[in-house]
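Here's the structure, in structure tokens; my notes come after.
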Amino acid sequence: MNFLSGIWWSLPLVLVWATPPVTSSWWYMGAVGSSRVMCDNVPGLVSRQRQLCRRHPEAMLSIGRGVAAWTAECQHQFRRHRWDCNALERGQRLLGRLFSPNAAPVHMAGSRESAFVHAISSAGVVFAITRACSQGELKSCSCDPKKKGSARDSKGHFDWGGCSDNIDYGIKFARAFVDAKERKGKDARALMNLHNNRAGRKAVKRFLKQECKCHGVSGSCTLRTCWLAMADFRKTGDYLWKKYNGAIQVVMNQDGTGFTVANKRFKKPTKNDLVYFESSPDYCIRDRDVGSLGTAGRVCNQTSRGMDSCEVMCCGRGYDTSRVSRMTKCECKFHWCCAVRCQDCLEVVDIHTCKAPKSAGWISRT
Ligand SMILES: *[C@@H]1O[C@H](CO)[C@@H](O)[C@H](O)[C@H]1NC(C)=O
């Protein structure tokens, strides 16, 4: 049983890198054939998620891809920050952790970092499902059927053509699947998660852009064909990173049906803002219970004055410097026409990494 569930979750992540046209793989066929068995063995799914898994087994593969995309994005956004997105375990248990009731370490549950993780992970599911619809990988959806016929914009008439990304389906699916976990609890944490999940879904839609192609005599653009396309996932990541930095602390209101801003001097959160309940720890030392890996061994920047500076990143513990050599492309020359040829150069760089705390006692006194 455990073996099966292991295959189920580790393979999608591997397949993403190895073989993009997965529809023809043996695993895909096998999974669809025995979706009941598979879905019953995914750890951490609530019953509603299991139902969705059985009904849309092929969507689970897309969700696996979404997980790969959002974890990479999370790591990218937090690369200069003490909190390390690797604190969320990679691979097989990732989905289980994300979608099971105690997905995040207990104390991380109400933090700003948790808010970001909920937003970016639901955004990742929206993105992956929407993309899968456009690529014809799911039986239950296709390109946006509403984008048909002719329409108008500021430049005049145009015809909908090609394939418009069906983001409304992606959002609907992500809401049903990701939010299913929160429906049961009507506590503060569930409200917070639902809010941040929705902010994440909306963030993807924000970067849906109309793209057009001109037709007509010598590109005169008298005829235009347009479609809606999602932007690169990085745009969503950058946007949610800004929202993370401006996240608003809230408290549950008296009757427990919603929340209000904790500090009345700050603005009320909108549906696009991330909200959190609890202040974060400093993430300097390793503490699994709060989702902190500590910063020992993290790379810091000696010349920076920001979050990634060695002072801030290493929490004043100091850092080690090691000299590493690596090959880079250099002395690149342009050859007529049209090639760029480079030499391989050996480059020597200093890498600074944070020292570990000397002892637990030393840390607790600082
Ligand atoms: C280190 O920080 C400086 C100043 O912010 C920046 O110019 C430089 O590119 C950074 N180096 C690396 C390796 O990120």
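Note that ligands are numbered from 1 as they come in the structure, with each ligand's atoms numbered from 1 the same way.
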Q) Should F177 and H56 be marked as a ring-ring contact (aromatic ring centres under 6.0 Å, His included) after you check the CA-CA gap, both sets of side-chain angles, and the distance that decides it? A) CA-CA 11 Å; F177 191 84; H56 307 275; 9.8 Å; no

Q: Enumerate the atoms of ligand 1 whose separation from the nearest heavy atom of T303 is less than 4.0 angstrom.
A: 1 (C), 2 (O), 3 (C)

Q) Is atom 11 (N) of ligand 1 in close reach of the protein, with a heavy atom under 4.0 Å away? A) yes

Q: Answer yes or no for atom 14 (O) of ligand 1: protein heavy atom present at a distance under 4.0 Å?
A: yes

Q.
Determine whether the interatomic SG-SG distance for C39 and C53 falls below 2.5 angstrom.
A. yes

Q.
Take a 6.0 Å sphere around NZ of K264 and say whether it holds more than 12 heavy atoms from other residues, nucleotides or ligands.
A. yes

Q.
Among all the protein's non-hydrogen atoms, which is closest to atom 4 (C) of ligand 1, and how far away is it?
A. S304 CA, 4.1 Å

Q) Which atoms of ligand 1 have any heavy atom of N301 under 4.0 Å away? A) 1 (C), 2 (O), 3 (C), 8 (C), 10 (C), 11 (N), 12 (C), 14 (O)

Q | Working for side-chain contact (heavy atoms from CB on, under 4.5 Å), residues H81 and Y244 | A | CA-CA 12 Å; H81 197 280; Y244 160 82; 3.2 Å; yes

Show me the donor-acceptor pairs, under 3.5 Å and distance only, between side chains in residues 348-355 and residues at least two apart or in other chains.
from: D350; atom 1: OD1; to: R323; atom 2: NE; distance (Å): 2.8
from: D350; atom 1: OD1; to: R323; atom 2: NH2; distance (Å): 3.3
from: D350; atom 1: OD2; to: R323; atom 2: NH2; distance (Å): 3.1
from: H352; atom 1: ND1; to: T321; atom 2: OG1; distance (Å): 2.9
from: H352; atom 1: NE2; to: Q302; atom 2: OE1; distance (Å): 3.2
from: K355; atom 1: NZ; to: D320; atom 2: OD1; distance (Å): 2.8

